[in-house]
Amino acid sequence: MQSSAMLMPISRTHFVRTLKIFCKYYSSILNKNAISTMASSTSLSYTSRDLDPPFFIGETCKSMDQLKQIHCRTIKIGLTKQPIFLNKIISFCCINESGDMDHALKLFNQIPEPKSVFHWNTMIKGYSRIDRPKHGISMYLDMLKRNVKPDNFTFPFLLKGFNRNVGFSCGKELHGHVVKFGFASNAFVQNALIHMYSLCGQMEIARAVFDISCKMDVITWNVILTGYNRVKQYDETSKLFREMEKNGLIPTSVTLVSLLSACSKLRDLEIGKRVHKHIKKCEIEPNLILENALMDLYAACGEMDVAVGIFDGMKTRDVISWTTIVSGFVNKGEIELARNYFDQMPERDNVSWTAMIDGYIRVNCFKEALVLFRQMQASNIRPDEFTVVSILTACAHLGALQIGEWIKAYIDRNKVKNDVFVGNALIDMYFKCGSVAKAQRVFSEMPRRDKFTWTAMIVGLAINGHGEEALGMFSEMLRASIKPDEITYIGVLCACTHAGMVDEGRKCFASMTTEHGVEPNVAHYGCIVDLLGRAGHLQEACDVIKNMPMKPNSIVWGALLGGCRVHKDVEIAEMAAKQILELDPENGAVYVLLCNIYASCKRWDSLHELRESMMDRGIKKTPGCSLIEMNGVVHEFVAGDRSHPQSKEIYLKLDNMTSDLKLAGYSPDTSEVFLDIAEEDKESTLYWHSEKLALAFGMISSGPGVTIRIVKNLRMCVDCHRVAKLVSTLYDREVIVRDRTRFHHFRLGLCSCKDYW
DNA sequence: GTAGGGTTAG
């Protein structure tokens with residue numbers, strides 16, 4: 001035991017009162033002299049503050065330090081010989097929040113055999129408290145070995161510490177012991193069993209235990225309701241609640257919280273409002289958790305006025321109350337209001353930070369999301385699996401591979417729960433940063449895969465130019481008995497499109513209904529029109545549109561227009577553009593595409609007319625914009641941009657590069673420039689394209705041989721594509737450009753898209 | 001002498 005001088009002081013009153021309690025209960029074993037000796041022999045410093053009326057060590061002691069001081073004194077006067085005193089100390093170590101289980105075990109081992117089941121139970125409870133279920137189990141086995149029989153307390157203590165890792169097999173075996181020792185009809189034990197099974201995700205077995213229980217206990221119902229909430233079967237929660245009412249049980253506030261939580265997830269405002277009325281009518285004391293749950297219901301259903309009303313009326317608020325309001329506004333896309341509340345929060349935890357980061361992602365403000373993430377780290381709040389999924393999503397959109405890699409390392413280093421969501425987000429991030437091999441590696445290491453995992457692989461491989469492998473993945477997915485859904489088929493059709501596999505695409509489109517019962521929706525028709533159009537089967541694409549069972553939307557017509565651009569078909573293009581503008585008159589991209597087509601077909605009159613009508617209507621081209629990440633910072637360029645601090649060097653580099661390329665035989669491709677200007681000016685327009693600026697910046701900011709990765713918001717133009725190919729061979733640099741629809745991996749003068757995009 | 005089961009936010 002440490003010397004008392006090293007320990008935190010306890011008050012004299014505190015110490016004496018603790019001893020007096022013992023005196024009161026065990027006066028026969030203590031003499032008054034011993035007490036006064038103990039009291040006066042203490043050399044500790046005292047404080048004069050009042051303490052709560054103490055009853056036992058467990059309630060008077062505030063910490064292990066205080067406990068050790070008392071223990072130290074009692075050793076001096078020989079009190080520890082009394083088993084009752086030892087029990088108290090062990091109980092404290094096991095039950096108290098600051099209790100020390102190593103210390104408890106040392107004292108436990110000092111108790112002479114045979115130890116009572118009470119002692120064993122206390123130790124088991126302690127191990128559950130500190131989340132060491134395995135220690136609890138070995139305690140229990142040890143107890144059986146010494147022929148001590150468990151009682152009705154043993155199993156609830158033991159089971160409480162169980163989690164998914166200790167597993168379901170162990171829980172099932174223990175269930176056998178429960179039956180064998182005759183506690184199967186004990187309500188406490190039943191509740192603990194239901195809880196354990198639902199923690200392991202075994203709701204069917206949990207339900208079986210529930211069904212044979214006497215169902216007289218509200219808590220049994222509460223356990224099963226939370227179980228269904230945990231596995232996200234919210235409709236079952238709602239159903240069981242109605243059954244509970246039928247059985248005449250009075251819900252507690254815990255029941256109502258569970259029900260409200262389910263209503264919130266189901267967006268069931270009607271039942272939710274009934275609960276709210278019930279709370280008011282029955283004058284149920286609105287505790288903090290219940291108010292938070294009510295607020296969440298209204299926030300989830302978009303009724304922010306009501307949610308804020310509850311928030312304003314709350315006597316006390318915790319971090320959850322604030323976060324609920326923040327995420328309520330996030331859900332409505334009201335990012336500024338969300339941020340306003342976020343900034344006012346008295347404290348923020350990882351959930352609040354993640355909610356706000358997620359808010360920026362939902363409104364496509366990915367850079368803002370990363371900025372907030374840096375602030376979160378600066379505040380020493382640890383990211384968890386939700387946070388990393390959000391940040392990886394932002395990285396995927398921005399093509400920020402370095403930050404993404406950093407997150408991957410963080411996950412491995414800090415043992416962030418690497419669940420299927422995290423795996424899927426990593427796969428998506430790697431693919432959208434053009435890192436095919438790394439995405440495949442994450443996939444191969446995933447212990448569990450869901451249909452999102454497979455879909456991410458199919459789409460990822462497809463956009464990176466590995467169409468055949470993408471279809472291979474699809475077959476593998478079917479072999480693994482994962483049922484494809486409509487999203488999977490979008491991926492499959494997209495794979496066929498990028499690889500130009502027209503026959504495969506037609507077959508897949510036909511088999512989705514016949515073999516997997518997935519009815520094609522308008523998006524699938526968009527894919528098949530894209531597939532046919534790009535491959536030059538424009539008439540067939542038109543026929544598909546004519547015969548589709550629903551009204552084609554602007555995306556379907558847009559796909560046809562895209563095909564017309566590749567194959568320079570002015571007639572069909574004009575028809576498609578007309579259809580789009582009827583559906584979506586403000587669609588600037590359509591004008592631009594049609595301009596491109598007129599320019600490349602040299603239809604100058606039509607081009608001129610279209611340009612005029614664009615100006616009249618005030619329609620502007622979406623400015624091209626390229627992102628490049630350098631040392632964890634994302635740089636953004638728009639065409640003709642001179643705002644970058646290294647702008648001078650960038651343009652100088654671009655000059656040099658262009659000279660080099662011209663020597664190597666490059667001539668600018670101005671065919672798609674539709675501005676009514678002189679030929680030299682067309683060249684300089686091309687020359688300012690944002691991806692060229694980003695490319696030049698990449699060249700001057702990274703060492704030789706380093707891969708340059710660029711993300712572009714629009715489709716790459718023919719000229720930039722040509723330049724990137726030449727750069728990749730002339731300077732021996734791999735260049736990866738992600739455009740609006742796919743990747744271009746430039747290596748040794750060739751592109752992975754095989755010039756098909 | 002003594003210890004047991006349930007709840008909210010991303």
Side-chain angles (χ1 to χ4, degrees), chain A residues 21-22 25-26 55-56 58 82-85 87-88 90-91 94-95 116-126 128-129 151-160 183 186-196 198-199 213 217-227 229-230 237 251-262 264-265 286-297 299-300 307 311 317-328 330-331 338 341-342 345 348-359 361-362 383-390 421:
Chain A
I21 296 304
F22 276 93
Y25 282 102
Y26 316 120
F55 293 100
F56 306 106
Q82 302 301 326
I84 187 65
F85 195 83
N87 291 351
K88 271 288 156 199
I90 294 173
S91 288
C94 291
I95 296 156
S116 76
V117 65
F118 174 76
H119 290 124
W120 290 98
N121 287 350
T122 308
M123 287 301 290
I124 290 169
K125 181 186 181 190
S128 288
R129 179 181 61 80
D151 64 6
N152 50 336
F153 287 97
T154 313
F155 294 105
F157 286 152
L158 194 50
L159 290 166
K160 194 181 182 195
F183 296 110
N186 178 291
F188 283 99
V189 178
Q190 282 172 345
N191 294 343
L193 280 171
I194 299 169
H195 183 71
M196 181 274 296
S198 75
L199 267 184
S213 74
D217 184 0
V218 190
I219 292 179
T220 313
W221 290 83
N222 289 349
V223 179
I224 193 86
L225 292 176
T226 29
N229 275 356
R230 195 175 292 113
T237 304
T252 67
S253 77
V254 174
T255 324
L256 298 177
V257 168
S258 294
L259 180 64
L260 283 171
S261 170
S264 155
K265 300 293 191 300
N287 66 49
L288 178 61
I289 297 175
L290 191 55
E291 283 180 310
N292 284 347
L294 261 177
M295 221 170 24
D296 179 53
L297 165 81
F311 181 82
R317 304 177 188 113
D318 65 0
V319 65
I320 297 181
S321 329
W322 284 91
T323 309
T324 303
I325 293 295
V326 169
S327 50
V330 160
N331 278 331
Y341 277 92
F342 180 78
M345 288 178 75
R348 304 181 192 99
D349 62 8
N350 57 349
V351 181
S352 355
W353 282 97
T354 310
M356 197 62 233
I357 289 172
D358 195 47
I361 290 173
R362 294 223 209 153
D384 66 3
E385 70 271 23
F386 285 85
T387 322
V388 301
V389 167
S390 289
F421 292 93

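Note on naming: letters A, B, ... go to the chains in the order of the sequence lines (proteins, then strands), and numbering restarts at 1 for each one.
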### Message
Before you tell me yes or no, could you show the steps for A:R362 and A:N331 under side-chain contact (heavy atoms from CB on, under 4.5 Å), namely the whole-Å CA-CA distance, both residues' side-chain angles and the distance that decides it to 0.1 Å?
### Response
CA-CA 8 Å; A:R362 294 223 209 153; A:N331 278 331; 2.8 Å; yes
Give the rounded distance in Å between these two atoms: [atom1] of [X] and [atom2] of [N].
{"X": "A:E385", "N": "B:dG10", "atom1": "CD", "atom2": "P", "value": "13 Å"}
{"X": "A:I95", "N": "B:dT2", "atom1": "CD1", "atom2": "P", "value": "11 Å"}
{"X": "A:D151", "N": "B:dT2", "atom1": "CG", "atom2": "P", "value": "16 Å"}
{"X": "A:D296", "N": "B:dG10", "atom1": "CG", "atom2": "C1'", "value": "10 Å"}
{"X": "A:L288", "N": "B:dA9", "atom1": "CG", "atom2": "C1'", "value": "11 Å"}
{"X": "A:I357", "N": "B:dG10", "atom1": "CD1", "atom2": "P", "value": "15 Å"}
{"X": "A:R348", "N": "B:dG10", "atom1": "CZ", "atom2": "P", "value": "18 Å"}
{"X": "A:L260", "N": "B:dA9", "atom1": "CG", "atom2": "P", "value": "10 Å"}

Mind checking if [X] touches a base, just sugar-phosphate, or nothing, with heavy atoms under 4.0 Å?
{"X": "A:N186", "result": "base"}
{"X": "A:T122", "result": "nothing"}
{"X": "A:N152", "result": "base"}
{"X": "A:T387", "result": "base"}

#### Entry: Note, A:K265 side chain near A:T237 side chain (heavy atom, < 4.5 Å)
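Result no, sub-4.5 Å side-chain heavy-atom pair not found.
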Does [N] have OP1 or OP2 sitting under 4.0 Å from an N or O in the side chain of [X]?
{"X": "A:K125", "N": "B:dG4", "value": "yes"}
{"X": "A:K265", "N": "B:dA9", "value": "yes"}
{"X": "A:R230", "N": "B:dT7", "value": "yes"}

### Message
Check for me whether the distance between the ring centres of A:W322 and A:F342 falls short of 6.0 Å.
### Response
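No, too far apart.
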Nearest to side-chain heavy atoms of [X], which nucleotide of [options]:
{"X": "A:T252", "options": "B:dG6, B:dA3, B:dT7", "value": "B:dG6"}
{"X": "A:D358", "options": "B:dA9, B:dT7, B:dG10", "value": "B:dG10"}
{"X": "A:T354", "options": "B:dG10, B:dA3, B:dG6", "value": "B:dG10"}
{"X": "A:D318", "options": "B:dG10, B:dT8, B:dT7", "value": "B:dT8"}
{"X": "A:I320", "options": "B:dA3, B:dG6, B:dA9", "value": "B:dA9"}
{"X": "A:R362", "options": "B:dG4, B:dG10, B:dT7", "value": "B:dG10"}
{"X": "A:N292", "options": "B:dT7, B:dT8, B:dG10", "value": "B:dT8"}
{"X": "A:D349", "options": "B:dA3, B:dG6, B:dA9", "value": "B:dA9"}

### Non-neighbouring partners of A:F157 that pass ring pair (Phe, Tyr, Trp, His ring centres under 6.0 Å), sequence neighbours left out
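Not a single residue meets the ring pair (Phe, Tyr, Trp, His ring centres under 6.0 Å) criterion with A:F157.
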### Query
Side-chain donor or acceptor of A:N121 under 3.5 Å from a matching atom on the base of B:dG4?
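No such pair is found, so the answer is no.
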### Query
Could a donor-acceptor pair under 3.5 angstrom be found where the side chain of A:S390 meets the base of B:dG10?
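Under the 3.5 Å cut-off, the side chain and the base do not form any donor-acceptor pair.
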### Query
Can you list the residues that meet the salt bridge (Lys or Arg N to Asp or Glu O under 4.0 Å) rule with A:R230, with sequence neighbours excluded?
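So A:R230 forms no salt bridge (Lys or Arg N to Asp or Glu O under 4.0 Å) with any residue.
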### Query
So among A:D318, A:N287, A:T324, which one has a side-chain hydrogen bond (donor to acceptor under 3.5 Å, both in side chains) with A:N292?
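Result: among A:D318, A:N287, A:T324, A:D318 is the only option passing the side-chain hydrogen bond (donor to acceptor under 3.5 Å, both in side chains) with A:N292.
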### Query
Do we see A:F386 stacking on the base of B:dG10, given a limit of 5.5 Å between centres and 30° between planes?
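Taking the rule of under 5.5 Å and under 30°, the ring of A:F386 does stack on B:dG10.
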